[in-house]
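To start, the structure under review is shown below, and the notes come after it.
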Amino acid sequence: MVDMYHYRQRKFEESLESSRTPPDTGVQGSHSNLALKNLKTAKTIQSAESSPDLTCALLLSSEDCDSSGHDCTWCLETHTGLGACMPKEVADNLPDWSFKCDEDSSEKYTRIQSTNLRASPPDTGVQGSHSNLALKNLKTAKTTQSAESSPDFMCALLTSSEDCDSALDHDCTWCLETHTGLGACLPEEMADDLPDWSFKCDKDSSEKYTSIQSTNLRVSAARKLQDSENVIIKDYMNAQYYGLVSIGKPGKDFKVVFDTGSSNLWVPQKGCTHCGIPIIGKKEKYDPKESSTNEEDGAKFDITYGSGSVSGTFALETIDLGGLEVKGQRFGMISDAGGLGVGYTMAKFDGILGLGFTSISIDGATTVFENAIDQSVVPEPIFAFYLGDEEDGELTFGGYDESKFVDDLHWVDLMSATYWEIELDGVSVGADDGAIQAQTSGIVDSGTSLITGPKDLITKLAENVGAKANIVGEYTVNCDDESLPDITFTIDGVDYTLSAKEYVIESGGMCLFAFMGLDIPSGPAWILGDVFMRKYYTVFDYKQEKVGFALAAK
């Protein structure tokens, strides 16, 4: 990771000087930004007598569920406390970390229709986590005698939001539990008693979710269902890309840069110095005492990036990547981040999650993604980036999203399993013979904002496009110049071209040339950072040691 210190600093100063609060990204302390995906589609239910699914769904208590004589089991969603009777074939696909399916649950919870729902949170001292919210009965369900005579019962039979909203003969409404994405059709009188902070009951939810009976659950067990998982990547002014990772039990969310240019995970720990300013750059802090899954390691953690260093100690924890749970992960608890300077203090992210190879990991710590592969958490040893352009993007673990790119992926073998380093046939500018360099190398680095190259070559490149150097080593161009030439990276015989629109970043009336000179001793000549990855969807194949490129769908 090479943090563009001056570029980011100017971005932050600009936002402060204009007294404009950065847009609310909605990332901190929220799982709602993790991309949801249907993992199973429910079968159409014809009748209560003929469908085991519906038979289970009709049972409103754990006692009736356990004694039904059908293949039903009572399942408790541990995060919200919602219980439901489900067919065992559905229960078998639920993730252990989020669902508990056994008879022990019967003493605590009733079905979602009986509204044994959480109401008020105790003071847990854990910011950004709803998992410790206390349960409180908001209303006791009436005993259901038959499907025809009970509005409650009829609402419970409707397994999609469309059917729920169109049930004109019954007062039903579709309710979405905003933290987990679980939906259910409830009688309106019951929905009125649900807490607004946790439930959304309206027709707008119908475009996103189906009911709990149809098992549109945010299931993280990709190894069971052979499905990939997505993490929303937030975009701050095209200068910082970050997403959520949850650490510990109960999980605490941290905003991290998913960095293919490094291999370690770290976040600031409680008591960390030079770790943000509460009013401006507040950072979430990890407290080992608050997690039941923390294990001491004790080894020193020191890592240096292009922008500076951080230090602390190693520990072991359970990590959640968009619903994929990795256990026993070594990570850095940072006690001092002063080496990163104001660039980190003012940054939007809390820490860094490296997606490089274990071979370059500090202290040989196995990377998060390699552990995910070894623990069979992901169906394929692949992850892929779709970076937004002033909008949210997506990081897919366990596969790639064909809807995010056009044409076919072009695969390129790595030079070695260290960085994601590839051979470059050449770098050129313009349509004529504007060769800058031939037969060189570069790394694909999601943690670097710009594109970097050897200082002398960046100077030559800047001269070719008419860019002028400023006092801090950056280059600017005339914002009104529409004749700026294309810049092309030729990789494995294929040209990857950036137009002026893609390599010029406008900021406060100034147009920044998105290339920076950086000499890396004994390292790759070029770094293809976010400027390159914004245009080209990039797939990283960990086992085959190759990367794939395709034009991103915008």
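Numbers here are sequence positions counted from 1.
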- Query: Strictly under 6.0 Å, is that where the ring centroids of Phe385 and Phe258 end up?
  - Reply: no
- Item | Residue pair Ile491 / Leu528, side-chain heavy-atom distance below 4.5 Å | yes
- Query: Out of curiosity, Ile319 CD1 to Ser246 OG, how far, rounded to the nearest 0.5 Å?
  - Reply: 8.0 Å
- Query: Is there a donor-acceptor pair under 3.5 Å between the side chain of Ser449 and the backbone N or O of Ala239?
  - Reply: yes
- Is the distance between the ring centroids of Tyr542 and Phe357 under 6.0 Å? yes
- Query: Do Phe331 and Trp266 have ring centres separated by under 6.0 Å?
  - Reply: no
- Query: Between CG of Asp530 and CD1 of Ile233, what distance do you get to the nearest 0.5 Å?
  - Reply: 10.0 Å
- Taking all atoms of both residues into account, what is the closest heavy-atom pair of Asn264 and Ser361, and its distance? ND2-OG, 3.1 Å
- Which class fits the ring pair Phe254 and Tyr286: parallel under 30°, tilted 30 to 60°, perpendicular over 60°? tilted
- Query: Do the side chains of Asn230 and Leu395 get nearer than 4.5 Å, heavy atoms only?
  - Reply: no
- Query: Can you find a pair of side-chain heavy atoms, one from Val412 and one from Lys546, that are under 4.5 Å apart?
  - Reply: no
- Query: Could you state the interatomic distance from NZ (Lys327) to NZ (Lys249), rounded to the nearest 0.5 Å?
  - Reply: 6.5 Å
- Name the one of Ile422, Ile520, Ile527 that satisfies side-chain contact (heavy atoms from CB on, under 4.5 Å) with Ile443? Ile527
- Message: Please report the interatomic distance NZ(Lys252) to CG(Asp287), rounded to the nearest 0.5 Å.
- Response: 7.5 Å
- Pair Gln329-Thr318, side-chain donor/acceptor within less than 3.5 Å: no
- Message: Ignoring hydrogens and geometry beyond distance, is a side-chain donor-acceptor pair present between Thr293 and Glu295 at under 3.5 Å?
- Response: no
- Message: Within this structure, what is the NZ-CG distance for the pair Lys289 and Asn294, rounded to the nearest 0.5 Å?
- Response: 11.0 Å
- Item | Glu421 and Ser441: side chain donor to acceptor below 3.5 Å | yes
- First locate atom SG of Cys275, then atom CD of Gln269, and finally report the distance between them rounded to the nearest 0.5 Å. 8.5 Å
- Task: Evaluate the ring planes of Phe489 and Trp526, with Trp represented by its six-membered ring, and classify them as parallel (under 30°), tilted (30 to 60°) or perpendicular (over 60°).
- Result: perpendicular
- Compute both the distance and the angle, then confirm whether Lys348 meets the cation-pi test with Tyr236: under 6.0 Å from the six-membered ring centre, within 45 degrees of the axis. yes
- Does a donor on one side chain and an acceptor on the other come within less than 3.5 Å for Tyr386 and Arg534? no
- Using a cut-off of 6.0 Å, state whether more than 12 heavy atoms not belonging to Glu423 lie near its atom CD. no
- Test applied, ring pair (Phe, Tyr, Trp, His ring centres under 6.0 Å); reference residue, Phe549; option that passes from Phe532, Phe405, Tyr400: Phe532
- Do Tyr536 and Tyr496 have their ring centres less than 6.0 Å from each other? yes
- Item | Close side-chain approach of Phe540 to Val547, heavy-atom, < 4.5 Å | yes
- Under 3.5 Å, is there a donor-acceptor pair linking the side chains of Thr396 and Asp401? no
- Task: Decide if the gap between the ring center of Phe369 and the ring center of Phe383 is smaller than 6.0 angstrom.
- Result: yes
